[in-house]
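Worksheet: one structure, shown below.
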Amino acid sequence: MALRSSSSLLPRLIGLLSILLLYLTTTSLAIRVGVVIKPSPNLPVFREAPAFRNGDECGSEDQKHIHVAMTLDANYIRGTMAAVLSILQHSTCPENLSFYFLSAHSEADLFSAIKSTFPYLNFKIYRFDSNLVHGKISKSIRQALDQPLNYARIYLADIIPSNVGRVIYLDSDIVVVDDIAKLWDVDMEDKVVAAPEYCHANFTQYFTDDFWSDPEFSKTFHGRNPCYFNTGVMVMDVDKWRKGEYTQKVEEWMAVQKNKRIYHLGSLPPFLLVLAGNIKAVDHRWNQHGLGGDNFKGKCRNLHPGPISLLHWSGKGKPWLRLDSRKPCNIDHLWKPYDLYRSSKQSLEE
């Protein structure tokens, strides 16, 4: 009886081995011919974006290259896709753009997601080692601000290729509605960072009473006029950043924060401590920020008056989440045209 049962299993085993052999052969062939593997089922699926080509005014291939850096995270990838599409769509010379994505997750899955959505995009993904900030992050007022990848911008100059001298760093919750080359062309006047500066904001609120009451800490800003700037939109002279060892300078303030709480937010205050009052101010049109509301409730906000080149949903509320919940703010409808997310409902309709 046992012998007959074993014999009956033999054809089934041979069938399974055949399927396995076919799978291995197909996978090997796909790798050899460069077939793009479908994104992980754990990631959202996106529609393929159209190809964007340079205009005649872009000149020869020797023209300048524009370098853009962003973080790449599974929770924010929908925002990243929309941001990239908006940048390409409004660029006169989209083929001159190079993207550098910093990720703490599986590079293979994220690479497939980007490649299948933007087949013609010039990009590379770099692994951000979370150990760089292990033990250096202090608890802030919102959990999302405490994620290691939120601190990747501090290490950007050390991660991207050494031959890149300037880069535009952008958060994932933005859309650009102007030619990014205009931001790239800013005259930095020997400054390390260029960004929109907001001197009307109450600068003292970004630090605790313990900071301002300590003479050693409060004298940090002596000799400069410190103003708030948002680190989600920055032009960085990474050559000067490296030579000036600015990563270490920011880390020193993070160490102070661990021992004596001197601020409430995540990676922004140490940037302000090192650079506020010593950056190149850029037109406010390049960071219409705060559209996500405050860091607690994320209530709807209106646009600030004036021209707009970049919309930024900084704060708790993200447009894709509010749209999905069918409780969008009016401003979220400006983000929606750049959303490449392919929902299950759309797939069934197609």
Side-chain angles (χ1 to χ4, degrees), residues 58-59 62-71 83 87 90-94 96-102 126 151-171 174 176-201 203 206 220-221 223-251 253 267-289 306-312 314:
C58 293
D62 295 328
Q63 287 287 82
K64 67 185 178 190
H65 236 67
I66 296 173
H67 304 280
V68 179
M70 305 178 73
T71 56
I87 295 168
H90 293 282
S91 293
T92 303
C93 305
N96 289 3
L97 290 165
S98 291
F99 285 84
Y100 304 94
F101 297 109
L102 310 183
Y126 295 88
Y151 290 78
R153 70 200 79 186
I154 297 170
Y155 302 89
L156 179 60
D158 303 317
I159 297 173
I160 63 175
S162 59
N163 63 335
V164 175
R166 176 185 290 203
V167 69
I168 297 174
Y169 175 84
L170 298 173
D171 275 349
I174 63 100
V176 175
V177 293
D178 201 348
D179 193 341
I180 197 74
K182 297 176 183 177
L183 180 59
W184 176 263
D185 287 335
V186 61
D187 181 0
M188 298 188 68
E189 299 177 357
D190 286 331
K191 302 296 184 183
V192 180
V193 165
E197 198 174 41
Y198 303 89
C199 294
H200 63 276
F203 190 79
Y206 295 100
T220 300
F221 297 108
R224 49 182 168 139
N225 180 27
C227 297
Y228 164 78
F229 68 93
N230 185 286
T231 55
V233 180
M234 298 184 289
V235 184
M236 301 176 67
D237 187 324
V238 284
D239 277 340
K240 285 189 173 63
W241 183 281
R242 296 174 185 123
K243 292 173 184 175
E245 298 182 340
Y246 280 87
T247 296
Q248 290 85 341
K249 291 176 181 178
V250 174
E251 283 184 325
W253 279 113
S267 62
L268 169 63
F271 264 91
L272 297 178
L273 286 161
V274 174
L275 290 162
N278 194 27
I279 71 169
K280 167 64 178 178
V282 174
D283 194 298
H284 288 178
R285 69 188 301 152
W286 283 103
N287 196 352
Q288 177 86 210
H289 68 286
I308 300 170
S309 294
L310 184 147
L311 298 158
H312 188 184
S314 56

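Because the structure is a prediction, the values reported are computed rather than measured. We use all heavy atoms of the structure for the numbers below, so side chains are in, but hydrogens, waters and symmetry mates are not.
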Practice item. Sequence neighbours left out, what passes salt bridge (Lys or Arg N to Asp or Glu O under 4.0 Å) with Asp283? Give chain and number order. Key: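 Testing Asp283 for salt bridge (Lys or Arg N to Asp or Glu O under 4.0 Å), a comparison that skips the adjacent residues, returns none.
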Do [X] and [Y] touch side chain to side chain, with heavy atoms closer than 4.5 Å?
X	Y	value
Asp171	Ser314	no
Phe229	Val282	no
Ser91	Leu97	yes

Contact summary for [X] and [Y], nearest pair of heavy atoms:
X	Y	answer
Lys280	Glu189	NZ-OE2, 3.1 Å
Cys58	Thr92	SG-O, 3.3 Å
Leu310	Val233	CD2-CG2, 3.7 Å
Leu273	Arg224	O-NH2, 2.6 Å
Glu197	Cys227	CG-CB, 3.4 Å
Ile279	Leu275	CG2-O, 3.4 Å

Exercise for review: For side chain to side chain contact (heavy atoms under 4.5 Å, CB included), just list the numbers for Val186 and Trp286, CA-CA rounded to whole Å, side-chain angles, deciding distance to a tenth of an Å, and then say yes or no.
Suggested key: CA-CA 11 Å; Val186 61; Trp286 283 103; over 6 Å; no
**Study point:** Set of ring pair (Phe, Tyr, Trp, His ring centres under 6.0 Å) partners for Tyr126, sequence neighbours left out
**Key:**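 Result, ring pair (Phe, Tyr, Trp, His ring centres under 6.0 Å) vs Tyr126: none returned.
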If you measure from [atom1] on [X] to [atom2] on [Y], what distance do you get to the nearest 0.5 Å?
X	Y	atom1	atom2	result
Asn230	Gln288	CG	CD	12.0 Å
Ile180	Asp185	CD1	CG	10.5 Å
Tyr155	Trp241	OH	CH2	10.0 Å

Check your understanding: Do the ring planes of Phe101 and Phe99 sit parallel (below 30°), tilted (30 to 60°) or perpendicular (above 60°)?
Key ->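 Plane angle under 30°, so parallel.
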Practice item. Over 60° means perpendicular and under 30° means parallel, so classify the ring planes of Tyr228 and His289, tilted if in between. Key: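 Aromatic pair His289/Tyr228 classed tilted.
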Exercise for review: Determine, stepwise, if the pair Tyr100 / Leu156 fulfils side chain to side chain contact (heavy atoms under 4.5 Å, CB included).
Suggested key: CA-CA 10 Å; Tyr100 304 94; Leu156 179 60; 5.7 Å; no
Within the distance-only criterion (no hydrogens, no angle test), does the side chain of [X] pair as donor or acceptor with the backbone N or O of [Y] below 3.5 angstrom?
X	Y	value
Arg166	Val235	no
Thr247	Ile154	yes
Arg153	Tyr169	no

Check your understanding: Any chance the side chains of Glu251 and Tyr151 put a donor and an acceptor closer than 3.5 Å?
Key ->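 Judged by distance alone, the side chains do not pair up.
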Check your understanding: Given the rule in the side chain to side chain contact (heavy atoms under 4.5 Å, CB included) test, do Leu183 and Val176 qualify, once you have shown the distances and angles that lead to the verdict?
Key -> CA-CA 11 Å; Leu183 180 59; Val176 175; over 6 Å; no
Review point. Only one of His284, Met234, His312 clears side-chain contact (heavy atoms from CB on, under 4.5 Å) with Pro196; which?
Key: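 Per the side-chain contact (heavy atoms from CB on, under 4.5 Å) rule, the option paired with Pro196 is His284, out of His284, Met234, His312.
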Exercise for review: For the pair Asp237 and Lys243, find out whether any cationic side-chain nitrogen is under 4.0 Å from an anionic carboxylate oxygen.
Suggested key: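 Not counted as a salt bridge, because no side-chain N and carboxylate O are separated by less than 4.0 Å.
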Exercise for review: Apply side chain to side chain contact (heavy atoms under 4.5 Å, CB included) to the pair Tyr246 and Lys240, showing each step before the final yes or no.
Suggested key: CA-CA 9 Å; Tyr246 280 87; Lys240 285 189 173 63; 5.7 Å; no
